[in-house]
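Take a look at the structure set out below.
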Amino acid sequence: MDGGNGALDAPTGGAGQLAALLSRKVVGQPDALRHIVPYVQMYQAHLSPPDRPAGIFLLLGPTGTGKTRTVEALAEILHGSPKHLLKIDCAEYQSDHEVAKLIGAPPGYIGHRETKPLLTQERLLAAVSSSSDLAIILFDEIEKAAPSLTALLLGVLDRGTLRLGDNVTVNFEKTLVFLTSNLGAREMLKVVRPEIGFQGVDRRSPAGVLDRLQTVGVGAVRRRFSPEFVNRIDVVITYRPLDVAALGEILDHHIAELQQHVHTRLADRSFDITVTTAARDLLLEKGTSEEYGARELKRTVHRMLTQPIATLVADGEIPPGGHVEVDASGDGSTLSLRADTSIGELPPARPVALVLDENAHLLRWLDHALSSVGVVTIVASTAEEARKIAARERPDLAIVDMVLPDGDGLSLALELLRIHPRLQIALTTGTELSPDESALCERQDFPVLRKPFLPEDVANLVRTRLRRSSSAG
């Protein structure tokens, strides 16, 4: 069992990219993240040991330090979604008969055919994707499970197989198994208490503190679990309590996610959000603690920021392209939101919009609508014509119809974005988008105008997108 202190000698390429992606998604735990990457890299190189899972990790540390988030972030990187994993909440398996649900009842027992096991090959296959065949399994809070669960896992961790109640064998070779635990968390808090919150800084080096945390965590694990179980774990990774800087970075991520959510979901009706330093400090005060780390921070942002903003939107108090300033109230106990009702001006130079649609009447109508808000329009009726225009011009905005005589508008929009990465793109359509098309538009932040639409719809969309482009520039 690796104690989690080895160094990662990651070459440039896939492993380095994975480490960078994980570090952006999981804040404040660089020493923890670097131990996961080599096991993913070994699997991708087809050099993982046979007849066992590709990697077995035990994640220790206080609640709210990023243990579960690490597993979700890895699933998001490998499979495109943080929910694309098989998660077993061990708090639901505190008695032997509950553990039996994982493998199902054997033949001859009442209800055998009606009891479908939870750890099946089908469920493992459902946890992979077209981008990776490596399934991620999370046993969350393993210390809360009945001893029979850890006994059940011995075969999985040692041989990579599990025999179900009906004698069917499940293969775990193409899996990464993560176990999380809060064992030793209180003792760990005592080790680093001077570094938490706004107290003084511990004089010990970060490496010395981490070694002490590792010792406390591994000691708690060895007292709780049998030696044969502990020895089957590849790496025990200890998460340290988050300091003020890390908590602040997590808060910034939540605020950025809220801003992106507003832009994506409201499209042409979106607006900008500014959070003052006083408001940020209040969110940190209300949403973080020594005991729970950052666990409550997302709920706090939702309660104190997202919900009040939603009320302003529902009441029509924030105009498209507007701005909301978030500050602390006079008594410093709540947030104060102020909506700026003035819409920002377009850039001084007249912006240029490329409009692509085969309907000549609609092109003339859009040309008139855009001219009314100070936009120069270049029109095209085919994808080939639009490509030639984009090659010689640098438009600020492209409005592309989904159905073209020589291609589909969504593919062309992505092509134009590769040519001009800062190009703002909107799509028009007279039909319903497929689920895949809708998901792609949401990921790329492409607003969709559904025909028929009004002149003010176009005007609001153009003002919002070009104002955002100007701010980014």
Side-chain angles (χ1 to χ4, degrees), residues 1-11 13-23 25-26 29-61 66-79 82 84-88 90 119 121 123-125 127-129 131-142 149-150 152-162 170-181 214 217-218 221 225 228-239:
M1 178 184 65
D2 183 350
N5 294 315
L8 169 62
D9 185 16
Q17 183 181 23
L18 175 59
L21 288 172
L22 278 173
S23 65
K25 293 178 180 294
V26 183
Q29 304 293 352
D31 294 297
L33 299 181
R34 64 191 179 94
H35 300 295
I36 298 173
V37 176
Y39 288 88
V40 178
Q41 189 179 22
M42 282 192 294
Y43 177 82
Q44 293 173 339
H46 305 288
L47 294 176
S48 294
D51 302 323
R52 71 187 311 274
I56 304 164
F57 308 92
L58 175 58
L59 311 184
L60 302 176
K67 301 187 295 297
T68 302
R69 176 58 186 151
T70 299
V71 186
E72 293 174 343
L74 185 60
E76 187 175 359
I77 293 169
L78 294 181
H79 302 301
H84 208 103
L85 54 85
L86 178 54
K87 181 178 179 179
I88 305 297
C90 295
L119 289 177
Q121 201 71 55
R123 293 200 70 189
L124 290 185
L125 292 174
V128 303
S129 65
S131 57
S132 176
D133 64 347
L134 183 59
I136 298 175
I137 306 175
L138 170 61
F139 292 88
D140 204 21
E141 297 185 308
I142 187 69
L149 177 56
T150 54
L152 185 70
L153 287 176
L154 286 177
V156 174
L157 305 186
D158 187 36
R159 302 181 301 276
T161 60
L162 174 67
V170 183
N171 191 310
F172 285 77
E173 286 188 34
K174 296 183 177 182
T175 65
L176 288 176
V177 179
F178 288 88
L179 317 168
T180 69
S181 174
Q214 186 78 16
V218 172
V221 169
F225 298 113
E228 55 265 33
F229 179 80
V230 176
N231 290 337
R232 284 168 169 78
I233 297 169
D234 291 323
V235 188
V236 175
I237 303 175
T238 303
Y239 286 60

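All of these numbers come straight from a predicted model, not from anything done at the bench.
At a threshold of 4.5 Å between non-hydrogen side-chain atoms, the residues Leu22 and Ile77 count as touching. At least one side-chain heavy atom of Ile36 sits less than 4.5 Å from a side-chain heavy atom of Ile237. Proximity of Val37 to Tyr39: side-chain heavy atoms (C-beta onward) are nowhere separated by under 4.5 Å. Side chains of Val128 and Leu134 form no contact here, defined as non-hydrogen atoms less than 4.5 Å apart. Taking the side chain as every heavy atom from C-beta outward, Val170 and Leu119 never approach each other to under 4.5 Å. Looking at heavy atoms from C-beta onward, Asp51 lies out of side-chain contact with Asp158 at the 4.5 angstrom threshold. In this structure, the side chains of Phe57 and Val71 stay at 4.5 Å or more apart for every pair of heavy atoms.
The distance from the CD1 atom of Ile233 to the CD1 atom of Ile56 is 8.0 Å, given to the nearest 0.5 Å. The CD1 atom of Ile136 sits 13.0 Å away from atom NZ of Lys87, with the distance rounded to the nearest 0.5 Å. Atom-to-atom distance recorded for Tyr239:OH and Leu33:CG is 6.0 Å, nearest 0.5 angstrom. Residue Leu154 holds its CG atom at 11.5 Å from CG of Leu162, rounded to the nearest 0.5 Å. To the nearest 0.5 Å, atom CG of residue Leu138 and atom CG of residue Leu176 are 11.5 Å apart. Annotation: the span from Arg232 atom CZ to Thr150 atom OG1 amounts to 11.0 Å, rounded to 0.5 Å.
Remark: the backbone N or O of Gly61 is paired with a side-chain donor or acceptor of Lys67 at under 3.5 angstrom. Side chain of Thr175 to main chain of Val177: no donor-acceptor pair is present (N/O by atom type, distance under 3.5 Å, no hydrogens or angles). The main-chain N or O of Asn171 is found under 3.5 Å from a side-chain atom of Gln121 such that the two form a donor-acceptor pair. The main-chain N or O of Ser131 is never found under 3.5 Å from a side-chain atom of His79 such that the two would form a donor-acceptor pair. At distances below 3.5 Å, at least one donor-acceptor pair connects side-chain atoms of Gln214 with backbone N or O atoms of Val236.
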Would Leu78 and Ser129 count as a side-chain contact (heavy atoms from CB on, under 4.5 Å) here? Give the steps. CA-CA 8 Å; Leu78 294 181; Ser129 65; over 6 Å; no

Test side-chain contact (heavy atoms from CB on, under 4.5 Å) on Phe178 and Ile137; report intermediate values, then the result. CA-CA 6 Å; Phe178 288 88; Ile137 306 175; over 6 Å; no

Should Leu58 and Val221 be marked as a side-chain contact (heavy atoms from CB on, under 4.5 Å) after you check the CA-CA gap, both sets of side-chain angles, and the distance that decides it? CA-CA 10 Å; Leu58 175 58; Val221 169; 3.7 Å; yes

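Contact detail for Leu18 and Leu74: the closest heavy-atom pair is CD1-CD1, 4.0 Å. Between Lys25 and Ala73 the shortest heavy-atom distance is CB-CB, 3.8 Å. Across all their heavy atoms, Pro82 and Ala75 have their closest contact at O-CB, 4.1 Å. In plain terms, the two heavy atoms of Gly160 and Pro53 that are nearest each other are CA-CD, 3.8 Å.
Ion pair Arg159/Glu173 not flagged as a salt bridge, since none of the NZ, NE, NH1 or NH2 atoms sits closer than 4.0 Å to an Asp/Glu carboxylate oxygen.
Under the ring pair (Phe, Tyr, Trp, His ring centres under 6.0 Å) criterion, Phe172 pairs with no residue at all, not counting sequence neighbours. With sequence neighbours excluded, the residues forming a side chain to side chain contact (heavy atoms under 4.5 Å, CB included) with Arg123 are Leu86, Leu118, Thr120, listed by chain and number. Residues meeting the ring pair (Phe, Tyr, Trp, His ring centres under 6.0 Å) test with Phe229, sequence neighbours left out: Phe225.
For the residue pair Thr180 and Asp140, a side-chain donor N or O sits within less than 3.5 Å of a side-chain acceptor on the partner.
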